[in-house]
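The next block holds one structure in the form of structure tokens; read it before the comments.
Since we're looking at a predicted model, the values are computed, not measured.
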There are 2 protein chains.
Amino acid sequence: NTKDVPDYYQMGPGTLKIPNTLFKDNRKRMCDRLVAKNISRGAVMFFEGGRQEQQYDTDRDIEFQQESYFMWLFGVMEADFYGAIDVDNCESILFMPRLPDSYAVWMGELKTPEYFKKRYGVDRVNYTDEMVTILSQLRPSALLIMDGVNSDSKSHFEAPSFEGMDQFKIDTTTLYNEIAECRVRKSPGEMEIMRYVNEMSCDAHKEVMKMMRPGRMEYEGEATFKHYAYMKGGMRFVGYTCICASGENAAVLHYGHAGEPNDKRVNSGDMLLFDMGSEYAGYTADITVSFPANGRFTENQKFVYNTCLKANRAVQAAMRPGVSWPDMHRLAERTIVEEFIKEGVLINGTADEMTDAYMGAIFMPHGLGHLIGLDVHDVGGYVNAPPRIDEPGIKYLRTTRDLEEGMVITVEPGVYFGDALIEKAYANPEQAKFMNKEKIEQFRGMGGVRIEDGVAVTADGIELLSHNVPRTVEEIEEFMNRSN
Amino acid sequence: NTKDVPDYYQMGPGTLKIPNTLFKDNRKRMCDRLVAKNISRGAVMFFEGGRQEQQYDTDRDIEFQQESYFMWLFGVMEADFYGAIDVDNCESILFMPRLPDSYAVWMGELKTPEYFKKRYGVDRVNYTDEMVTILSQLRPSALLIMDGVNSDSKSHFEAPSFEGMDQFKIDTTTLYNEIAECRVRKSPGEMEIMRYVNEMSCDAHKEVMKMMRPGRMEYEGEATFKHYAYMKGGMRFVGYTCICASGENAAVLHYGHAGEPNDKRVNSGDMLLFDMGSEYAGYTADITVSFPANGRFTENQKFVYNTCLKANRAVQAAMRPGVSWPDMHRLAERTIVEEFIKEGVLINGTADEMTDAYMGAIFMPHGLGHLIGLDVHDVGGYVNAPPRIDEPGIKYLRTTRDLEEGMVITVEPGVYFGDALIEKAYANPEQAKFMNKEKIEQFRGMGGVRIEDGVAVTADGIELLSHNVPRTVEEIEEFMNRSN
Ligand SMILES: [Mn+2]
Ligand SMILES: [Mn+2]
């Protein structure tokens with residue numbers, strides 16, 4: 001009896017309800033794409049879900065998170081599933097592991113194929129030990145499988161393999177590009193999730209801002225963020241390692257890793273740069289707030305912050321379908337350079353000359369932003385895209401595509417005074433000549449500022465998903481001092 | 001200049017300071033053991049630390065946690081190190097990855113060999129690309145490496161491999177058993193950490209008890225536990241997936257996994273079974289509290305709870321060096337059976353007859369407890385130990401050893417009314433004849449109770465590490481109602 005089996009995902013009351021039709025719709029988008037291109041007719045797409053892994057050689061289970069392609073197609077939360085989709089009619093089959101009865105004592109009541117059929121809204125569910133038989137009955141012209149290199153991460157995708165696979169014709173070349181391309185544009189249902197994770201993550205950031213003060217440890221920001229997102233949003237995981245940087249650490253772009261685990265004490269006068277995003281049903285936010293620990297910007301902090309904010313807003317004002325993302329990166333850099341000229345931080349030249357000398361990448365050494373969805377750096381950035389641009393800063397840009405309606409992308413200009421890059425620029429006469437050392441030295445030690453928003457591209461502009469954090473100097477100071 | 005480099009690990013103010021000599025002492029214990037046995041003289045022990053891995057094919061870093069053997073020997077928090085120890089003189093070398101200068105922008109100032117030498121207190125630090133040269137200079141009679149199957153988890157340990165390894169004689173058989181045996185008995189320094197993680201985890205459990213009430217979601221317990229342990233204890237990770245079970249879910253021993261992610265609403269009348277432990281410097285606690293959601297035990301709940309507590313305390317009273325752990329398991333089961341006879345839950349026979357019929361394992365289907373340390377199910381349980389006992393319940397016991405001073409082990413009897421096992425017993429005439437169905441049905445649906453302590457074996461008894469949670473019915477009711 002499957003009457004009480006939910007046909008949706010929801011973690012708790014007040015958290016987002018995600019109908020299983022969202023994933024059915026994703027499967028349909030994929031089938032439609034192949035059918036429209038008239039490729040792989042008669043074939044069956046075949047996918048392996050994530051496996052339950054253990055920590056090194058121990059019996060400790062690593063907390064399972066579904067592999068993103070499998071999640072996108074099936075919405076399955078459990079490990080060790082396989083899935084198949086018939087290209088021609090888009091019929092879907094899930095294959096579930098057959099567990100011994102004894103597992104009920106350890107893992108809970110064993111769920112049936114009927115349970116999962118209702119829960120995930122697929123056409124049928126069989127056990128993995130029936131996979132070869134069932135697939136054979138479909139008489140596929142080929143099995144289309146994921147293989148090869150993820151063009152965003154450069155990591156190799158581990159192709160599925162199973163006993164009896166050799167009796168099928170295997171096509172490893174069709175699937176990857178098509179499915180990555182489908183994931184680039186979010187459906188209305190997916191957009192709902194992106195709104196949700198952004199709103200919850202904004203609220204969590206605000207909770208952190210209320211709590212952080214000089215004397216706190218950076219990691220208390222991480223603890224508070226995770227706690228809020230889980231309590232209020234039902235979000236068990238973050239989408240990436242929390243970056244809670246204070247003072248000089250803000251110039252370290254991926255601060256927070258095991259070697260620098262957010263373990264500095266926050267000092268009065270420090271700027272904080274907190275880059276955190278929580279995930280729900282695998283979809284993640286990625287939001288950075290920068291604010292003064294003591295609730296008041298110094299004049300120097302205000303200048304750097306406003307420069308960054310100006311770049312952020314200039315980009316958002318210019319974004320719409322058809323706009324090139326590298327152009328947006330250049331717009332952000334240009335905005336920073338121009339503000340630096342106005343303030344006399346950069347001297348002895350025009351913005352054009354400084355752009356030619358790559359002055360922007362000294363202060364913003366990373367890409368402007370990246371596609372986001374089930375992966376924090378989402379796939380498809382270099383699928384059907386112009387080649388990577390091999391110049392300072394912009395070479396790290398995670399997509400060179402033109403914007404399209406339905407894309408969700410981060411806008412995250414940053415302005416940093418990192419020792420390594422500034423020293424290198426001082427040593428390069430082509431760059432040093434533009435640099436007002438006296439001014440720049442005043443900013444050394446303040447680390448830097450990043451203002452990162454989650455932004456959806458609409459038919460004629462954008463929707464700001466991370467709208468619910470204080471962003472201007474005035475908003476931040478008011479928020480920090482009101483909540484005191 | 002390494003003047004300011006700490007020679008200890010400490011996450012923040014008020015958190016435990018762990019001197020690097022703790023790990024030096026571990027290395028010495030290992031060398032002394034080999035020298036005393038006069039084996040592998042002239043050889044060099046060689047270890048590969050944990051690697052930084054990415055989530056599936058994405059570029060998302062999985063949060064790094066050090067491999068436990070490497071942690072035990074070197075205390076290194078960073079990924080991608082190797083280490084060597086000369087058996088004869090116990091001189092230690094760490095090999096660190098040589099990162100390009102450009103990493104400073106992303107990962108923070110690049111640390112030097114001198115930094116790590118001071119930080120980790122080893123005799124020298126070289127880069128991994130110097131490994132073959134340095135190892136050759138030592139002219140080792142053999143490299144002793146970890147290989148083979150972890151006798152606790154049954155997982156395969158991935159042997160280290162590096163280019164140029166083939167020029168050394170490799171010994172894969174000596175190391176594993178010796179080092180696992182060394183990890184079984186905790187040093188005074190390790191015992192300090194075990195006290196710390198137990199005390200912090202107890203405090204976190206109390207914080208959860210203050211907050212949990214009918215209407216809350218189970219996962220709010222997980223969120224609150226993690227938050228407290230991180231804020232107050234600087235503990236970024238838990239040692240295993242949090243189990244926050246309410247009502248019937250308490251009978252599911254590993255509840256909380258991705259398929260059952262602590263997502264039930266807590267009802268009034270539910271017993272809660274919360275099994276959570278946080279870790280610090282890789283060492284973990286493992287503590288279970290069971291309590292009524294509404295702060296008042298029913299008579300049935302009180303009976304089951306007190307039965308479990310009696311088993312827990314009987315074991316702790318009997319524990320001392322030389323005592324066999326299987327005997328302790330049997331003592332716990334026997335205590336439960338005797339209480340069930342007194343209450344008329346089990347009938348028509350003596351405790352002996354019921355023991356012969358394995359009645360205890362119906363209600364306590366797991367092992368009494370396990371060694372704990374850097375792994376929640378710590379190594380060495382079946383090294384130098386009698387064979388596993390192939391009988392219901394006790395077959396899951398994670399060690400058959402006699403207790404020794406310095407062991408840390410969990411004492412976690414449980415009393416459950418799980419549908420699967422009770423139905424199976426009803427269907428078995430050899431067991432059904434002892435079962436008072438009318439009584440047992442009264443307990444169905446209440447799930448169960450587990451009372452899990454962390455316990456150190458001392459010279460003449462035990463030290464209770466998890467002393468700081470309310471344990472008796474009276475203590476729990478008083479605590480739950482005081483904090484309301
Ligand atoms: Mn980002
Ligand atoms: Mn345990």
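The heavy-atom pair separating A:Asp57 from B:Glu67 by the smallest distance is OD1-OE2, 4.2 Å. Across every non-hydrogen atom of A:Val252 and B:Met107, the tightest pair is CG1-C, 3.3 Å. Summarising the geometry of A:Met77 relative to B:Ala258, their closest heavy-atom pair is O-CB, 3.6 Å, with the distance given to 0.1 Å. What you find for A:Pro261 and B:Arg236 is that their closest heavy atoms are CB-NH1, 3.7 Å.
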Exercise. Where do A:Asp61 and B:His254 land on the side-chain contact (heavy atoms from CB on, under 4.5 Å) test, with the steps shown first?
Worked result: CA-CA 11 Å; A:Asp61 280 350; B:His254 288 171; over 6 Å; no
Exercise. Given the rule in the salt bridge (Lys or Arg N to Asp or Glu O under 4.0 Å) test, do A:Arg60 and B:Glu279 qualify, once you have shown the distances and angles that lead to the verdict?
Worked result: CA-CA 13 Å; A:Arg60 173 181 170 188; B:Glu279 67 172 51; 3.6 Å; yes
For this session: Show the numbers, then the answer: is there a salt bridge (Lys or Arg N to Asp or Glu O under 4.0 Å) between A:Glu260 and B:Lys111?
Result: CA-CA 11 Å; A:Glu260 304 280 2; B:Lys111 287 163 181 161; 3.5 Å; yes
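No side-chain heavy atom of A:His366 sits less than 4.5 Å from a side-chain heavy atom of B:Val105. By the 4.5 Å heavy-atom criterion applied to side chains, B:Met231 and A:Thr224 are counted as neighbours.
For B:Met217, the part lying under 4.5 angstrom from a heavy atom of chain A is the side chain only. When heavy atoms are compared at a cutoff of 4.5 Å, B:Arg398 approaches chain A solely by way of its side chain, counted from C-beta outward. Only the side chain of B:Gln55 comes within contact range of chain A, with at least one heavy atom under 4.5 Å from a heavy atom of that chain. Using a 4.5 Å cut-off between heavy atoms, B:Lys424 does not touch chain A at all. Neither the backbone nor the side chain of B:Glu158 comes within less than 4.5 Å of any heavy atom of chain A. The part of B:Tyr69 that comes within reach of chain A is its side chain, from C-beta onward, which places non-hydrogen atoms under 4.5 angstrom from that chain. For a residue to count as touching a neighbouring chain, one of its non-hydrogen atoms must lie under 4.5 Å from one of that chain's; by this rule B:Arg216 touches chain A with the side chain only. Residue B:His156 touches chain A through its backbone alone, counting heavy-atom pairs closer than 4.5 Å. A:Tyr255 touches chain B through its backbone: at least one of N, CA, C or O sits under 4.5 Å from a heavy atom, while the side chain does not. In this structure, chain A has heavy atoms under 4.5 Å from both the backbone and the side chain of B:Tyr219. In this structure, chain A has a heavy atom under 4.5 Å from the side chain of B:Thr15, while its backbone stays farther away.
Between chain A and the options B:Ala420, B:Ala79, B:Gly12, the largest number of non-hydrogen pairs under 4.5 Å is found for B:Gly12. In terms of heavy-atom pairs under 4.5 Å with chain A, the best-connected choice from B:Glu222, B:His377, B:Glu248, B:Lys264 is B:Glu222. Residue with the most contacts toward chain A among B:Gly256, B:Gly239, B:Gly50: B:Gly239 (heavy-atom pairs, distance under 4.5 Å).
Taking the six-membered ring where tryptophan is involved, the planes of B:Trp106 and A:Tyr396 are perpendicular, since the angle between them exceeds 60° and thus also 30°.
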